[in-house]
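To keep things clear, I will list the structure first and then write my remarks on it.
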Amino acid sequence: MVDSSVNSRRDYSQGLAALQEIFGDRACVDINICANHGHGEGYIQSMPPDMVIFVNSTEEISQIITICNQYIIPVIAFGVGTSLEGHVNAVDGGVTIDLSQMNEILQVNPQDMDCRLQAGVTREQLNHDLRTTGLFFPIDPGANATIGGMAATRASGTNAVRYGTMRENILGLTVVCADGKVIRTGGRAKKSAAGYDLTRLFIGSEGTLGIISEIQLKLHPIPMAISSAVCQYPDLKSAVDTAIAIIQSAIPIARIELLDDVQMKASIQYSKLEGYMEKPTLFFEFHGSDNSVKEQSEMVGELSNEFGGNDFKWSANSEDRNKLRQARHNAYYAGKSLSPNRDCIATDICVPISNLAECLVETKKDIEQTGLIAPIVGHVGDGNFHLLILVDKGQGEEFKCAKSLINRMNMRAISFGGTCTGEHGVGIGKKHFMAHEHGDAMYIMRLIKKSLDPKNIMNPKKIFDM
């Protein structure tokens, strides 16, 4: 009797050999290159693929997936590796497709305020190239991620309270499916009622249904004026209640960022924020005309006073604004600097804004009871906040304590009608919360996965297990 597992390994090897013959030096099996593609920036241990292929076109992606489908080889997409929940880890080995060289902006349509680009274009590259058009792309997750990765994880960020998430800013996609077939979803029209919304199906699918190779994006006019403000509060609840009041007052604010007292301590030291105290703090940003940003700032200042905010500082000076924005962008590194020899676990949840204050206060008490160092940062305008938990290197007692804290935090969010992740995505790290959040709807998700990827080769064991 022939051992089927031996045949399977032989077929697998034949598939890798076929890919190497076609792509030559761009099909890398070097141990270091594979190791670098086996993880993102999160805490989950590296799981390297068997091969990394650097691609230049949608057609090449299709060619790779067709062969991998034939030989049942797992396929994982990789942009620049900024994901946090193990999205790019090759759990079962296989082939990682590196899209970083697919970095062309294919078309910009200033009159329609949209563009089409390859998936390897990064957020900063796009806005740099758009600077002469009077337009910009507002989704800002902090990291200089690829647009393809941001689409695949349904990314969000600091501007979401005004401009929405990736879901609201994508008009259409080019996707390579699990059998190698290339499809285009959506189009350039601002709305459509024609058929199933396949674009939204692939946004946030984390490479489990197909690989996104091109994206049609909405763009937005660069605001005539931008101003920023900072206000500090006596406690966490006062800061969050201010944010809730701003949203309920329909003030069209662009950013509301919360830093708790621990994060402020870190940011004051790391980013040299002179004149600030180690207290819960809100960073605000306003977009519009000169008059409108002034009016928005004044209204927010009045609301802040009602909730005990003190020393509301407003400025339209670009140098002041950039310093505050950079301090917020550097929050991860600032938090890590509180204990440089520890590892970091970053996690996020999102709840309805009416439940945000209670959820944050409970989470803060939970952190204090554990004794862990865990600064809080939040995009509180849309109910989303993050923890950066510092733990001893390795998977010792602090790591176990942190995992328990994360479990309680996620279940708390779900109990408040929220979600286990507002923007990081599911990957490996969050998938055990999916059944709690979605219940019987998981059955439908698995049916979709099985229908579009019957051999389960597309980023297997992410989001949920089959």
Side-chain angles (χ1 to χ4, degrees), residues 32-49 52 54-55 76-91 96-103 117-128 137-160 165-167 169-170 202-208 211-213 215 217 257 325-326 328-336 343-348 350 375 377 379 384-389 421-431 459 462-463:
N32 293 317
I33 292 175
C34 289
N36 288 337
H37 285 76
H39 61 90
E41 292 185 349
Y43 66 94
I44 297 172
Q45 188 175 0
S46 180
M47 304 172 190
V52 177
F54 295 85
V55 294
I76 306 99
F78 190 98
V80 289
T82 58
S83 59
L84 294 168
E85 294 291 349
H87 302 82
V88 298
N89 293 40
V91 181
T96 288
I97 298 178
D98 186 307
L99 293 100
S100 60
Q101 294 178 8
M102 288 183 61
N103 58 359
L117 45 79
Q118 291 182 313
V121 172
T122 65
R123 175 182 64 83
E124 291 180 5
Q125 176 196 344
L126 174 59
N127 279 324
H128 181 269
F137 182 64
I139 308 303
D140 178 5
N144 187 26
T146 62
I147 301 298
M150 290 168 65
T153 56
R154 199 159 54 225
S156 180
T158 59
N159 278 327
T165 71
M166 288 300 287
R167 180 181 62 192
N169 286 277
I170 293 178
F202 287 102
I203 296 171
S205 64
E206 302 184 10
T208 62
I211 291 182
I212 296 168
S213 64
I215 305 100
L217 286 177
E257 294 295 294
R325 187 181 291 178
Q326 193 60 43
R328 172 60 187 88
H329 272 278
N330 288 339
Y332 174 88
Y333 304 104
K336 194 176 188 314
D343 284 335
C344 298
I345 301 177
T347 189
D348 83 312
C350 189
V377 177
H379 313 313
N384 183 204
F385 69 91
H386 307 250
L387 297 191
L388 177 66
I389 309 171
T421 175
E423 57 187 26
H424 287 185
V426 179
I428 300 169
K430 297 268 191 177
K431 67 180 181 180
N459 210 9
K462 309 295 171 59
I463 304 181

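Keep in mind that the numbers below use all heavy atoms, side chains included, and drop hydrogens, waters and symmetry copies.
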Item checked: With sequence neighbours excluded, residues passing side chain to side chain contact (heavy atoms under 4.5 Å, CB included) with Ala334 -> Gln263, Ala266, Ser267, Tyr270

Checklist line | Heavy-atom closest contact (Ala90 atom, Ile76 atom, distance) | finding: CB-CD1, 3.8 Å

Item checked: Heavy-atom pair with the smallest gap, counting every atom of Asn169 and Pro138 -> OD1-CG, 4.5 Å

Notebook entry, point to check: Can you name the residues that form a ring-ring contact (aromatic ring centres under 6.0 Å, His included) with His386, not counting sequence neighbours?
Noted result: His379, His424

Notebook entry, point to check: Can you tell me if Asn127 uses its side chain to pair, donor with acceptor, with the backbone of Phe137 under 3.5 Å?
Noted result: yes

Next item on the list: Provide the closest heavy-atom pair for Gln125 versus Asn103 in the form atom of the first, atom of the second, distance.
Entry: NE2-O, 2.9 Å

Check: Going by atom types only, do Asp348 and Thr421 share a side-chain donor-acceptor pair under 3.5 Å?
Finding: yes

Item checked: Results of salt bridge (charged side-chain N to carboxylate O under 4.0 Å, His left out) for Glu206 - residues two or more places apart only -> none

Next item on the list: Would you confirm whether Asn89, through its side chain, and Gln45, through its main-chain N or O, come within 3.5 Å as a donor-acceptor pair?
Entry: yes

For a quick test of your reading: what N or O donor-acceptor pairs under 3.5 Å do the side chains of residues 142-154 make, sequence neighbours left out?
from, atom 1, to, atom 2, distance (Å)
Asn144, OD1, Thr122, OG1, 3.4
Asn144, OD1, Glu124, N, 2.9
Thr146, OG1, Gly149, N, 3.1
Thr153, OG1, Gly149, O, 2.9
Arg154, NH1, Ile203, O, 3.3

Item checked: side chain to side chain contact (heavy atoms under 4.5 Å, CB included) against Asp343, all qualifying residues, sequence neighbours excluded -> Val391, Lys393

Please table the atom pairs, donor to acceptor, closer than 3.5 Å between any side-chain atom in residues 78-85 and protein atoms at least two apart or in another chain.
none

Check: Is there side-chain contact between Tyr332 and Cys344, with heavy atoms separated by less than 4.5 Å?
Finding: yes

Next item on the list: State, with a plain yes or no, whether a side-chain heavy atom of Met102 is found less than 4.5 Å away from one of Val121.
Entry: no

